Amino acid sequence: MSLDFPTRYPEYLVAAMIIILAPGPSVLFIIARAIAWGRATAVATAAGNVTGAFTLSLMVAFGLGPILQRSETAFIAVQVLGGFYLVYLGVDAIRHSKIHAEDMVNQGDVRPTALRSARDGFWVGALNPKGLVFFAAILPQFLDRGSSNVTSQLVLMGATFSVLAFFSDGSWGLIAGTVREWMATSPSRLVTMRRIGGVVMTALGIFTLASAL
């Protein structure tokens with residue numbers, strides 16, 4: 001299976017960074033760990049998180065790739081469903097931003113080991129609905145669908161996403177771990193982050209719908 005770069009790969013990098021930088025479930029989970037237990041725990045969590053995200057991307061690539069290559073209807077349907085779901089996630093993040101922010105500063109009293117942090121991060125990444133929608137609905141927009149290697153393109157872009165996410169999410173964790181007291185004493189800052197992420201996800205969902213319809 002060759003790993004040829006799609007012709008729209010540079011555009012994909014921009015889209016990937018937009019979704020990665022938006023404070024969604026994974027970023028907020030890593031920041032919560034950083035606030036509670038510091039930078040080392042946050043980085044271990046980020047490593048597990050991107051491993052989970054890459055596993056999710058492989059499932060999408062091998063399960064959805066052949067279908068998208070053969071069916072224009074399936075391609076459009078995935079985009080439409082994904083777009084609506086992104087809008088739902090964005091609106092939900094905005095509506096419940098205060099509740100989620102309060103949960104972030106209550107991570108318990110027992111500091112997890114690095115292995116436990118990585119394992120917890122893995123499941124957050126693997127079950128992250130934002131990641132699923134991105135891999136299934138947004139990522140395919142950048143494929144060369146006329147090529148015979150759609151699945152390998154999906155694998156390549158999933159791996160790219162995971163590498164970028166590790167550096168970005170790890171940086172969030174390092175920063176939050178450094179200023180943990182400043183963030184923990186003001187839940188309003190966490191509420192703002194949650195709302196920003198909701199706005200970005202909603203906008204991305206509307207863009208996805210506009211591209212499909």
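What you are looking at is a predicted structure, and each value in this text was computed from that prediction instead of being measured. We number each residue from 1, following the sequence as shown.
In this structure, Asp120 CG and Leu115 CG are separated by 9.5 Å, a value rounded to the nearest 0.5 Å. Between the OG1 atom of Thr7 and the CD atom of Gln153 there is a distance of 8.0 Å, given to the nearest 0.5 Å. The OG1 atom of Thr151 lies 11.0 Å from the CG atom of Leu58; values are rounded to the nearest 0.5 Å.
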Tell me which donor-acceptor pairs under 3.5 Å the side chains of residues 158-165 have, and how far apart each pair is, sequence neighbours excluded?
unit_1: Thr160; atom_1: OG1; unit_2: Tyr9; atom_2: OH; d: 2.7
unit_1: Thr160; atom_1: OG1; unit_2: Leu156; atom_2: O; d: 2.9
unit_1: Ser162; atom_1: OG; unit_2: Gly158; atom_2: O; d: 3.0

Pairs under 3.5 angstrom only: tabulate donor-acceptor contacts from the side chains of residues 13-24 to other protein residues two or more places apart or in another chain.
none

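Hydrophobic cluster membership of Met59, counting Ile, Leu, Val, Met, Phe, Trp and Tyr whose side-chain heavy atoms lie under 4.5 Å apart directly or via other members: none, as it forms a cluster of its own. Hydrophobic cluster of Leu127: the remaining members, joined at side-chain heavy-atom separations below 4.5 Å, are Phe122, Trp123, listed by chain and number.
For Asp169 (side chain) and Ile30 (main-chain N/O), no donor-acceptor pair under 3.5 Å exists by modelled atom type.
Taking all atoms of both residues into account, the shortest heavy-atom contact from Val150 to Leu143 is CG1-CD1, 3.8 Å. Nearest heavy atoms, Ala114 versus Ala44: O-CB, 3.7 Å. Across all their heavy atoms, Asn49 and Gly125 have their closest contact at ND2-N, 3.3 Å. In this structure, Gly173 and Arg39 approach most closely via the heavy-atom pair O-CG, 4.1 Å.
Applying the salt bridge (Lys or Arg N to Asp or Glu O under 4.0 Å) test to every pair with at least one member in residues 7-16, sequence neighbours left out, gives these pairs: Arg8-Glu11. Among residues at least two apart or in separate chains, there is no salt bridge (Lys or Arg N to Asp or Glu O under 4.0 Å) pair with a member in residues 77-90. For residues 13-25, the set of pairs meeting the side-chain hydrogen bond (donor to acceptor under 3.5 Å, both in side chains) definition, not counting sequence neighbours, is empty.
Residues passing the side chain to side chain donor-acceptor pair (under 3.5 Å) test with Ser171, sequence neighbours excluded: none. Thr41 meets the side chain to side chain donor-acceptor pair (under 3.5 Å) test with Arg111; sequence neighbours excluded. The side-chain contact (heavy atoms from CB on, under 4.5 Å) search around Ser57 returns Phe54, Phe135, not counting sequence neighbours. In terms of the ring pair (Phe, Tyr, Trp, His ring centres under 6.0 Å) criterion, residue partners of Phe142 (sequence neighbours excluded) are, by chain and number, Tyr12.
No chain of hydrophobic side-chain contacts below 4.5 Å, direct or via other Ile, Leu, Val, Met, Phe, Trp or Tyr residues, connects Val50 to Val155. Both Met157 and Leu56 belong to a common hydrophobic cluster when Ile, Leu, Val, Met, Phe, Trp and Tyr are linked at side-chain heavy-atom distances under 4.5 angstrom.
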